[in-house]
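Note sheet for the following structure.
Residue numbers start from 1 in every chain, and the chains themselves are labelled A, B, ... in the order their sequence lines are given, proteins ahead of strands. Please read all numbers here as calculations on a predicted model, not as lab measurements.
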2 protein chains.
Amino acid sequence: MSGKKIIAKIIDSLPDGAEQSVCTCGGLEGLISRLPDNSEIEEISLIFRALADEKRINILSMLEIQPLCVCIIRAVLDVSDSRLSYHLSILKKAGLITGEQKGTWITYSLTEKGKKWFFSCKQNME
Amino acid sequence: MSGKKIIAKIIDSLPDGAEQSVCTCGGLEGLISRLPDNSEIEEISLIFRALADEKRINILSMLEIQPLCVCIIRAVLDVSDSRLSYHLSILKKAGLITGEQKGTWITYSLTEKGKKWFFSCKQNME
DNA sequence: CATATGATTCAAATTAATTTGAAACAGGTA
DNA sequence: TACCTGTTTCAAATTAATTTGAATCATATG
């Protein structure tokens, strides 16, 4: 079934007058065409899922002050090693932080992406 | 146990040299004092949890274009009524959208908060 | 090389979020 | 009133995220 036909079918299922209410954007078709594409939506929600945890927000808050080794983060947050590693890995996968080995220790810091997102978060909370 | 004593205990548990690495922010104590407080952290993660879902990002994208009734959103996203209601309720609880009854229909739109967060999300994705 | 320490990985258990379908609710109309 | 339609609510089932503790890895040092 073609795109046009699918849209026609959707419109058909709407109550009377609903389609007309979509007036400023080229109807249902215009609406659908202006949604972000799937890969972008996936990337956005990967980042938001990474940000959607209190421990991880605390980690970002600490790293915004200065790069820190795992043991300091661990001490401040009072969590187990493996639990902290898990949260760090989520932030790393989302591209918000990066870790650099320095001898035995690993020092984490915000990436540019991490700084950008955390900064706008802070702004929006003001 | 007092705050100072707790911090002293934490420092005690750190490997040699770790505390000295926290140099630019007044040591562990300075670090802890600069973390956001709990209520703020909770509010932030409520918002991020609301944003951490692909359907909900799509909903916000649609509402950014114009206010829409439930049946249009439902048609575009192709989800069941109850599933859509669930996602709308999450966004509403986070204060990102608001619904206004217009006759039989309910029209949802972005709140100021919703616009602010969604805008900075778009900016960060550029 | 053996050992110690900082950090990660893995699988199992727990907890939280999402989906589903049935039932209920609310406004409009005959 | 009774009914229809758009929407929400609820409980049960499913799926995803998080936590836990043991095992492993990696680097430094005796």
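Between B/L46 and B/K93 there is no side-chain heavy-atom pair separated by less than 4.5 Å.
With hydrogens and angles disregarded, no donor-acceptor distance shorter than 3.5 Å links the side chain of A/R56 to the backbone of A/H87.
Among the atoms of the strands shown, only primed sugar atoms or phosphate atoms (P, OP1, OP2) are found under 4.0 Å from some heavy atom of A/R49.
The cluster map of Ile, Leu, Val, Met, Phe, Trp and Tyr, joined by side-chain heavy atoms under 4.5 Å apart, puts B/M125 and B/I59 in the same cluster.
Side-chain nitrogen and oxygen atoms of B/H87 include at least one within less than 4.0 Å of the OP1 or OP2 phosphate oxygen of C/dT19.
Remark: of the listed residues A/K92, A/M62, A/E100, A/K92 is the sole one forming a side-chain contact (heavy atoms from CB on, under 4.5 Å) with A/Y108. Between B/L68 and the options B/L63, B/T107, B/V76, a side-chain contact (heavy atoms from CB on, under 4.5 Å) holds for only B/L63.
The distance from atom CZ of B/F48 to atom C1' of C/dA17 is 18 Å, rounded to the nearest whole Å. Atom CG in A/L91 sits about 12 Å away from atom P in C/dT8, given to the nearest Å. Atom CD1 of B/I90 is separated from atom C1' of C/dT19 by 12 Å (rounded to the nearest Å).
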### Query
Going through the distances and angles, do B/F48 and B/W117 end up as a ring-ring contact (aromatic ring centres under 6.0 Å, His included)?
CA-CA 10 Å; B/F48 281 133; B/W117 282 87; 5.4 Å; yes
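Of the residues in residues 51-63 of chain A, those placing a heavy atom less than 4.0 Å from an atom of DNA chain D are A/D53, A/R56, in numerical order.
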Restricting to nitrogen or oxygen on both sides, can you table the protein-nucleotides 8-10 of chain D pairs closer than 3.5 Å?
{"unit_1": "D/dT8", "atom_1": "OP1", "unit_2": "B/Y108", "atom_2": "OH", "d": "2.4"}
{"unit_1": "D/dT8", "atom_1": "OP2", "unit_2": "B/S85", "atom_2": "OG", "d": "2.7"}
{"unit_1": "D/dT8", "atom_1": "O5'", "unit_2": "B/S85", "atom_2": "OG", "d": "3.3"}

Which atoms of nucleotides 23-28 of chain C (N or O only) lie under 3.5 Å from a protein N or O atom, and what are those distances?
none

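Hydrophobic side-chain contacts under 4.5 Å tie A/Y86 into a cluster, directly or through other members, with A/I90.
The salt bridge (charged side-chain N to carboxylate O under 4.0 Å, His left out) pairs that include a residue from residues 59-82 of chain A are A/E64-A/K122, A/R74-A/D81, where partners are two or more places apart or lie in different chains.
B/S109 OG to B/I65 CD1: the interatomic distance, rounded to the nearest 0.5 Å, is 14.0 Å. The CG atom of B/L77 lies 7.5 Å from the CD1 atom of B/I73; values are rounded to the nearest 0.5 Å.
In this structure A/S45 satisfies the side chain to side chain donor-acceptor pair (under 3.5 Å) test together with A/R49, sequence neighbours excluded.
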